[in-house]
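Any value given below was found using the heavy atoms of this structure, including those in side chains, with hydrogens, waters and symmetry copies removed. So that the names make sense, note that chain A is the first sequence line, chain B the second, and so on, each numbered from 1.
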2 protein chains.
Amino acid sequence: MINHHRSVKVLRRGDLARLTGCNLETIRYYENIGVMPEPPRSSKNYRVYDDRHVARLRFIMRARELGFTLDEVRDLLALVDGGAQTCGEVQGLANSHLASIRAKIDDLKRIERVLSSTVAQCTGDDVPECPVIDALTEVT
Amino acid sequence: MINHHRSVKVLRRGDLARLTGCNLETIRYYENIGVMPEPPRSSKNYRVYDDRHVARLRFIMRARELGFTLDEVRDLLALVDGGAQTCGEVQGLANSHLASIRAKIDDLKRIERVLSSTVAQCTGDDVPECPVIDALTEVT
DNA sequence: CTTGAGCCTGTACCTGCTACAGACCCTAGA
DNA sequence: TCTAGGGTCTGTAGCAGGTACAGGCTCAAG
């Protein structure tokens, strides 16, 4: 591993936000809930970040983009931090997450079917009769 | 003795909850945020509901099941309450809701594609190398 | 020396509920 | 009649997953 001996620029919270595209306040939030580590502080109590913080935040953000909850992100990070994470363990988490994504898709598709077939019956006219309202008002 | 044999039974909050399947506290919440009207009160300050409240709550619950946000529900109710709602107006709300459902489905499908194709590369073995972790760690 | 930007903390707000505490009220059984 | 148990009332706090202030420090440029 290469240790860069050129002068390392100190990253502050705003720098980290800019480098990752993460919201400034969200970084503090992630620290509070324990997915980002507490960084060292400068003499004036400013948070001081380095490359590893950038990498970790990117990891978190990618996992969030893939729909992992912050709890799941914590699990993934715990595995990675444990150093001895196995492909099997990670695969397990990813698969169960995948299952819940598929369940959500199915839910939304069902909703989409019902709603679109109802809307399809609308005349769209200036009349008070409306199949959508009927469906919502329906006595079943 | 006076009201005892009347056919119109007075509904209290718990009755409304049972009749609709709505959570007891949610009813009060809906009142607070203004999607359920403030009902009259009994002499002992108990909320008193009738059939129209049952119908309204069912309307709200059906709209929620179809994924309408409470803001959208408020809009639908305003149209219905306005008395002069037209099929065109309702159709407009439903269509824009439909568009956001479809957008969510597309999002989730994209996520599902990425994640499932990544997981498919996992060996699932007891080894530390894992395509999922690689994807999350990847320097782009 | 001032001005503006950045950072610090704590806290409130958002959606859509759910749950609890502590006070009343009501009814049935002993 | 008393009492135990339900029900109801209010306000408030909590969940996820952030976002956005206010009020106070600190720092660099002009």
Please determine whether the number of non-hydrogen atoms from other residues, nucleotides or ligands lying under 6.0 Å from atom CZ of Arg52(A) exceeds 12.
no

Please report the distance, rounded to the nearest Å, between CD1 in Ile60(A) and C1' in dA16(D).
16 Å

Take atom CD1 of Ile27(A) and atom C1' of dG6(C), then tell me their distance rounded to the nearest Å.
13 Å

Ion pair present between Asp15(B) and Arg47(B), side-chain N to carboxylate O less than 4.0 angstrom?
no

Indicate the atoms forming the closest heavy-atom contact of Leu93(B) with Phe68(B), along with that distance.
O-CE2, 4.4 Å

Round to the nearest Å and state the distance from Ile33(B) atom CD1 to dC17(C) atom P.
8 Å

What protein N or O atoms touch nucleotides 21-27 of chain D N or O atoms at under 3.5 angstrom, if any, and at what distances?
{"from": "dC21(D)", "atom 1": "N4", "to": "Glu25(A)", "atom 2": "OE1", "distance (Å)": "2.8"}

According to a strict under-4.0 Å criterion, is Thr26(B) in side-chain N/O contact with OP1 or OP2 of dT18(C)?
yes

Within this structure, what is the CG-to-P distance between Asn23(B) and dC20(C), rounded to whole angstrom?
11 Å

If the threshold is 4.0 Å, N to carboxylate O, is there a salt bridge linking Lys104(A) and Asp107(A)?
no

Heavy-atom nearest nucleotide on DNA chain D for Arg13(B) versus Tyr29(A): which residue maps closer to 5'?
Arg13(B)

For the helix from dC1(C)-dG30(D) to dA30(C)-dT1(D), what is the angle between the axes at its two ends, each from 5 pairs, rounded to 10°?
30°

Protein-nucleotide distance (Arg41(B), atom CZ; dT8(D), atom P), rounded to Å
12 Å

Take atom CG of Asp15(A) and atom P of dC8(C), then tell me their distance rounded to the nearest Å.
11 Å

Can you check whether Arg47(A) has a side-chain N or O nearer than 4.0 Å to OP1 or OP2 of dT9(C)?
yes

Between Glu25(A) and Arg28(A), does at least one N-O distance fall below 4.0 Å, as a salt bridge requires?
yes

Rounded to the Å, how far apart are Lys104(A) NZ and dA16(D) C1'?
11 Å

Test: Arg74(B) and Asp71(B) ion pair at under 4.0 Å:
yes

Can you list, in residue-number order, the parts of residues 68-75 of chain B that come under 4.0 Å of DNA chain C, counting heavy atoms only?
Thr69(B), Leu70(B)

Give the minimum heavy-atom separation between Glu31(A) and Tyr49(A), together with the two atoms involved.
OE1-OH, 3.9 Å

Checking Val119(B), Leu115(B), Val132(B) against Asn95(A) for side-chain contact (heavy atoms from CB on, under 4.5 Å), the one that qualifies is Val119(B)

Between Arg62(B) and Glu138(A) (side chain of the first, backbone of the second, donor and acceptor by atom type, cut-off under 3.5 Å), is there such a pair?
yes

Expected output: side-chain Gln121(A) to main-chain Ser117(A) donor-acceptor under 3.5 Å:
yes

Counting only side-chain nitrogens and oxygens, does Asn32(B) get under 4.0 Å of the OP1 or OP2 atom of dT10(D)?
no

So does Arg56(A) pair up with Asp51(A), basic N to acidic O under 4.0 Å?
no

List the steps, then state whether side-chain contact (heavy atoms from CB on, under 4.5 Å) holds for His97(A) with Leu76(A).
CA-CA 12 Å; His97(A) 176 50; Leu76(A) 287 171; over 6 Å; no

Send over the distance from Tyr49(B) OH to dT8(D) P, rounded to a whole Å.
10 Å

